[in-house]
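In this text, all values refer to a predicted model and were calculated from it rather than measured experimentally. In what follows, every chain begins at residue 1, and chains take the letters A, B, ... in the order their sequences are listed.
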2 protein chains.
Amino acid sequence: MNLKQLAHMLALSQTTVSRALNGYPEVNEETRRRVMDAAKRHGYRPNPSARRLATGKSGMIGYVLPTGAAVDIDPHFVEFLSGLGDYARSHELDLVLSPADADDQETTYRRIVANRQVDAVYISSPRPADRRVALVNTLGIPFIVHGRSEGFDFDYPYLDIDNEGAFHEAARLLVQLGHRRLALINGDDRETFAIHRERGLRRALAASGLTLGDRHVCSVVMTEENGYRAARRLLEQDGAPTAIACSSLIMALGVVRAVRDLGLSIPGDVSLIAHDDVFPWLKPENFSVPLSTTRSSIRLAGARIAERLAARISGLEEGARGEVWPVDLVVRASVAGAPA
Amino acid sequence: MNLKQLAHMLALSQTTVSRALNGYPEVNEETRRRVMDAAKRHGYRPNPSARRLATGKSGMIGYVLPTGAAVDIDPHFVEFLSGLGDYARSHELDLVLSPADADDQETTYRRIVANRQVDAVYISSPRPADRRVALVNTLGIPFIVHGRSEGFDFDYPYLDIDNEGAFHEAARLLVQLGHRRLALINGDDRETFAIHRERGLRRALAASGLTLGDRHVCSVVMTEENGYRAARRLLEQDGAPTAIACSSLIMALGVVRAVRDLGLSIPGDVSLIAHDDVFPWLKPENFSVPLSTTRSSIRLAGARIAERLAARISGLEEGARGEVWPVDLVVRASVAGAPA
DNA sequence: CGGCGAAGCCAAAGCGCTTTGGAAGACTCT
DNA sequence: AGAGTCTTCCAAAGCGCTTTGGCTTCGCCG
């Protein structure tokens, strides 16, 4: 059942039927009702391919997926997807993933924009002065950044959590508990979130006249193994930290293992706080010693981004609105006063 | 730059240019070269929307993503995606994710097929007599099942690993080591993979005149917490198992925690083998006691499925070819002889 | 040498929608 | 009554590609 047939059986022109269905004002309400009715009764659904060709809109949102033999997709991604799905599901909004060589995403961005494959895109794990952000900005496709970039001469829409504030609070707590030597096991420090977290932590230390030693900070891909290695390195050195802030639950798993291997204990010898993006399959309260966390649901962020992208596509949201979510500090047994 | 312009500047008809570009035989090789050349030089790329409308092919593969407030996307999914991306990246093949209410995926399948949004789909986590499989089979869209369904009166193409064989081998090893009371911590037993694993394990036991007690098998969503709970329940009962087979690394994490909480040890009191889909962020050799596993890379499976879908789309693969990959049994320190 | 098949090209008709540019009729206003 | 103004609808022209159904031209064969 296509438009032509529907129009014919209603004894109307395609124009009128099309306009009636798409809510244009220049059609009699009575007529519109008739059309809507017939459309529903016959299960008419406009052919998206045809509509795309005519309008240039696809009704999908896009994401360029960095891939490569040496590239692993972050497990956080599924949680984000769950959130995106939560919104998209009820709005018949599809997501198209365009895998791209991690070292050359630009080509892919250009392709999906030139081809008008999607109406909007989102960008995740941004770095300062991220080229992707600059690119989509000039390409003129609606977009939202999940996280923040920095150092542009233009503003852009984003959704980020208060990473700096989160790690500031976490560090402040540790300092209040008497810790003087803190360490940070961070994610890739070329990414903004990691920079912000380090900044927050340093700020809290500075407020008490403390500093973060060079040998007390590391930046690694967030795996269990890297968490383990980093923790061992930190704890085996002279002047080992008495408290560790860690950028992910998965790394924290490795930290806990390292602490145990070294015959130390949490929180007796070392306090631990990690950031928790809220995975359903790994919960901080279930760590052998319940883990203190800075918590923010990445799933909710996914839903919100889908919502805002939809709003931007339909013109309801405009401009470079930035949105920063606060992060909860959840104190559990893994932190305690500094050892004497 | 569109076809019309290109044709005009070559003083050829659109027909000829189109055919030249698409490799049709009825065009002079000399002409074809000229056309190809000009196309490349001017960076001409056929408009996909137009092509879609004309041909009905979209050049994308689809996946219906089950979502819902109570539904969590499996973290295995990202690894699968990585693999899919590995292949798709170099073939300009995009993946469209259509989020659907987990309880009503049929509507979405019908929509994406009716709309011709994608050229092929894959189905994951199938159950016996899975309705999705029956549906896409009748809808007539090319598809591949990742995993296996059962109990149809038709065959279908799939890619699965030898779950039964894997758990058969694992159990056989444990029995050889003298274990008489095995337990299984399985995933959702409505899914085929779980059924196959249980079957493999039972078969190995039966071969030695043993059985799997009702109270020695559990089926849960594969989270760390569920692994913990299941293990506690198993180990605290009378006639506790001396060996546990576990369907995922994440659950194994919980099992290890439970064993420790109970003051027991691996492999002294209980041997443990888990299935490993190969995550980059959590490796069995890094468990506090290196974990024995049945191993099969889900990432490779993703790449293979992308490859086969592409082959089916272009007509290179036909029929109901089933492909079953063997699974490695990797023995590490977590298994030992049964306690006296 | 006439006829015939193959090679190589083209004009035009789709694909199914949106949108432009009216046009007819009804209504208002002076 | 005539001129303007809405309201409501329509025919037709895109959108940019593929594909159908010819139409030439040329070489080959009997």
Side-chain angles (χ1 to χ4, degrees), chain A residues 1-36 38-39 42-60 92 111-119 313-315, chain B residues 1-36 38-39 42-60 92 111-119 313-315:
Chain A
M1 165 70 48
N2 58 20
L3 184 61
K4 193 170 183 177
Q5 294 166 18
L6 185 63
H8 184 254
M9 79 180 4
L10 279 166
L12 285 172
S13 73
Q14 294 188 40
T15 309
T16 303
V17 176
S18 172
R19 307 209 110 133
L21 258 20
N22 293 321
Y24 281 67
E26 60 261 65
V27 39
N28 190 309
E29 275 311 320
E30 158 65 18
T31 310
R32 187 193 304 280
R33 221 182 316 277
R34 262 181 64 219
V35 172
M36 296 283 229
H42 294 85
Y44 167 74
R45 316 236 5 180
N47 177 318
S49 302
R51 173 176 284 192
R52 277 175 77 145
L53 181 57
T55 64
K57 315 243 106 189
S58 67
M60 315 208 239
E92 276 197 16
R111 170 170 67 84
I112 65 177
V113 169
N115 288 351
R116 314 194 137 231
Q117 296 204 95
V118 296
D119 296 339
I313 289 174
S314 57
Chain B
M1 166 70 48
N2 59 23
L3 183 61
K4 194 171 182 174
Q5 294 164 17
L6 185 63
H8 184 255
M9 79 178 7
L10 280 166
L12 285 171
S13 73
Q14 295 189 39
T15 308
T16 303
V17 176
S18 172
R19 308 209 110 132
L21 259 20
N22 292 320
Y24 281 67
E26 60 262 65
V27 39
N28 189 308
E29 276 312 319
E30 158 65 19
T31 311
R32 188 193 304 280
R33 221 181 317 276
R34 263 182 63 218
V35 172
M36 296 282 231
H42 294 86
Y44 167 74
R45 315 237 3 180
N47 178 319
S49 301
R51 174 176 281 192
R52 276 175 79 144
L53 181 57
T55 65
K57 313 245 108 187
S58 66
M60 314 207 241
E92 276 196 17
R111 170 171 67 84
I112 66 177
V113 169
N115 289 351
R116 312 191 138 236
Q117 297 205 90
V118 296
D119 297 340
I313 289 174
S314 56

Side-chain donor or acceptor of B:Ser18 paired with backbone N/O of B:Gln14 under 3.5 Å
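Side chain of B:Ser18 to backbone of B:Gln14: no pair is present.
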Does B:Arg32 reach the main-chain N or O of B:Tyr24 with its side chain, forming a donor-acceptor pair under 3.5 Å?
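Looks like yes, one N/O pair under 3.5 Å.
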Figure out the [atom1]/[atom2] separation between [X] and [N], and round it to whole Å.
X       : N      : atom1 : atom2 : answer
B:Arg34 : C:dG8  : CZ    : C1'   : 13 Å
A:Leu12 : D:dA11 : CG    : P     : 10 Å
B:Glu30 : C:dC9  : CD    : C1'   : 14 Å
B:His8  : C:dA11 : NE2   : C1'   : 15 Å
B:Arg32 : C:dG8  : CZ    : P     : 10 Å

How bent is the helix from C:dC1-D:dG30 to C:dT30-D:dA1, measuring the angle between the end axes built from five pairs each, rounded to 10°?
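The angle separating the two end axes equals 50°.
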Nucleotide N/O of nucleotides 16-22 of chain C paired with protein N/O under 3.5 Å:
| residue | atom | partner | partner atom | Å |
| --- | --- | --- | --- | --- |
| C:dC17 | OP1 | A:Tyr44 | OH | 2.9 |
| C:dC17 | OP1 | A:Asn47 | N | 3.1 |
| C:dC17 | OP2 | A:Leu3 | N | 2.4 |
| C:dC17 | O5' | A:Tyr44 | OH | 3.3 |
| C:dT18 | OP1 | A:Asn22 | ND2 | 3.1 |
| C:dT18 | OP1 | A:Arg51 | NE | 3.1 |
| C:dT18 | OP1 | A:Arg51 | NH2 | 3.1 |
| C:dT18 | OP2 | A:Ser18 | OG | 2.6 |
| C:dT19 | OP2 | A:Tyr24 | OH | 2.6 |
| C:dT19 | O4 | A:Thr15 | OG1 | 3.1 |

Counting any heavy atom closer than 4.0 Å, what does A:Ala20 reach on the DNA or RNA strands: base, sugar-phosphate only, or nothing?
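No contact.
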What is the nucleic acid contact for A:Ala7, judged by heavy atoms within less than 4.0 Å: base, sugar-phosphate only, or nothing?
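Result for A:Ala7 = nothing.
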Is any side-chain heavy atom of B:Met60 less than 4.5 Å from a side-chain heavy atom of B:Asp119?
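B:Met60 does not reach B:Asp119 side chain to side chain.
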Does any part of the side chain of A:Val17, heavy atoms only, come nearer than 4.5 Å to the side chain of A:Leu3, both counted from C-beta?
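The answer is yes; the side chains approach within 4.5 Å.
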Gap between atom CZ of A:Arg111 and atom CD of B:Glu92 - 0.5 Å precision
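Reported value, rounded in 0.5 Å steps: 4.5 Å.
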About how many Å separate CG of B:Asn22 and OG1 of B:Thr55, when rounded to the nearest 0.5 Å?
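Nearest 0.5 Å value for the OG1-CG distance: 9.5 Å.
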Only counting residues at least two apart or in another chain, list the ones meeting salt bridge (charged side-chain N to carboxylate O under 4.0 Å, His left out) with A:Arg116.
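So A:Arg116 forms no salt bridge (charged side-chain N to carboxylate O under 4.0 Å, His left out) with any residue.
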Surrounding NE2 of A:His8 (heavy atoms of other residues, nucleotides or ligands, distance under 6.0 Å), is the total greater than 12?
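No, not enclosed.
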